[in-house]
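See below for the structure under consideration.
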Amino acid sequence: MFEPPASGWSPPRVQRTSLYLHVPFCRNCCPYCPYTKVPYDADLVPRYTRAALAETDLWAETVGAAAVTSVYVGGGTPTLALDAVAEVLGRVRERFDLEGDVCIETNPADISAETIAGLHECGVSLVSLGVQSFRPESLHVIGRRYAPDVAERALEALAGGGFASVNADIMFALPGQTTDDVIADLEHAASLGADQLTTYPLFTFPYTSVGEYLHLRGVKMPDLTVRHEQYSAISAWCEANGFERVSVWGFKRGGVPRYSSVTRDGYIGIGPGSGSHLPDGFVLNTFDLEAWEESLEHGRSPIALRMPFEAHMDGWWWLYWRFYDTRIPMAGLDEALGGDAPKARRWLAAATAAGLVRRVNGSAELTDAGAFWLHLAQNHFALSYVNTLWTAARREPWPAQVSI
Ligand code: SF4
């Protein structure tokens, strides 16, 4: 149950945390996209920047000058407001002890020599490009307005741009997309220099206009058999081409640092719609840009909803993300789950018997079947829980209560 934070509650102090910065501007709002964003207008950026700086200060005052183990800048399209990103990251360096990598999402339509220089000025070391597909028909289905050669040039420029690693996002299970099409996209991304690949299916969140679009046009989403076939083909291609699996959907080549947005086990979020995972629960900022800015201008917290952790819930959350990594270090299980550890061990034994998990050197690893099962579970999680929460949070700036 998510509710507004009780009066008198304040975020607990933390020693170490990751940090997420949400930049809510997009040039074109893609119809399938569930994230908090508004159409880009340069006049909106200064007010956003002031509010993001104020929120950085607010977090530093409440959680303390913690070590920040990684920063993830997402959106929206962060490259549309790189000066704002640089300013906020400068404030993060002043108020916290930033010791980890800075990762950022980029859009093919916005990559230029100037953007790459701006990313280096921000101290970005890991960069991800939202290619989605090099196939014009697939780009059309998801409402992306750039031509494939724009994504090709952007990926080549980033790969030669001096970053520690470049990830390419590639979508699969799109209407009309064959397994050969998906593999061709992976091959092309790798040949252009991507050393990490994140593959993910189209989530048709009912509240996005792509859900409505596909429904109205009677476009059929690929069924489970096709999705399984494509998922298995992706795994096999990656294995054969030197890309090691690092998560349910992610693969990387060589010893490059891992690009990842979500598997940190504690983070604070800055920006409208940002979530934070604190030691005592989850909190979610208001999704409304104006309401977020206004509360920070008045020195108030923009947190709209909070779900406190019940006993061992934090440990189950740890286990969930280790599953997402596809590797569970068994030595960490007792510390993370405490009294619930025996229950988790029984559960893992049942998953092992079912062929979903295998033991490798002190870890429990998901098999390919297990990874596909988790992929389906995540799909279900995204479509039911996240959809319920985000639909309510988008409907009004300060919801009274959301049950998930
Ligand atoms: S998919 Fe990316 S570019 Fe498209 S609206 Fe969403 S955040 Fe913006």
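First listed ligand is number 1; within each ligand, the first listed atom is number 1. What you see below is based on every heavy atom in this structure, not just the backbone, and it leaves out hydrogens, waters and symmetry mates.
Judged as a side-chain hydrogen bond (donor to acceptor under 3.5 Å, both in side chains), the pairs with a partner in residues 174-185 (not counting sequence neighbours) are, in order, S133-D185, R135-D181, T178-D181, T179-E229.
Partners of T367 by side chain to side chain contact (heavy atoms under 4.5 Å, CB included), not counting sequence neighbours, listed by chain and number: R358, A369.
Contact annotation for R144 and ligand 1: only side-chain heavy atoms (C-beta onward) come within less than 4.0 Å of the ligand.
Under the 6.0 Å cut-off for aromatic ring centres, W59 and F96 do not qualify, their centroids lying 6.0 Å or more apart. Checked against a 6.0 Å centroid threshold, the rings of F287 and W292 do not count as neighbours.
When only modelled atom types and interatomic distance are considered, W9 and D280 share a side-chain donor-acceptor pair under 3.5 Å.
Contact annotation: E105 has no heavy atom less than 4.0 Å from any atom of ligand 1. G76 counts as a contact of ligand 1, since one of its heavy atoms falls under 4.0 Å from the ligand.
Using a 4.0 Å cut-off to heavy atoms of C26, the atoms of ligand 1 that qualify are 3 (S), 5 (S), 7 (S), 8 (Fe). Taking every non-hydrogen atom of N107 and a distance limit under 4.0 Å, the qualifying atoms of ligand 1 come out as 3 (S).
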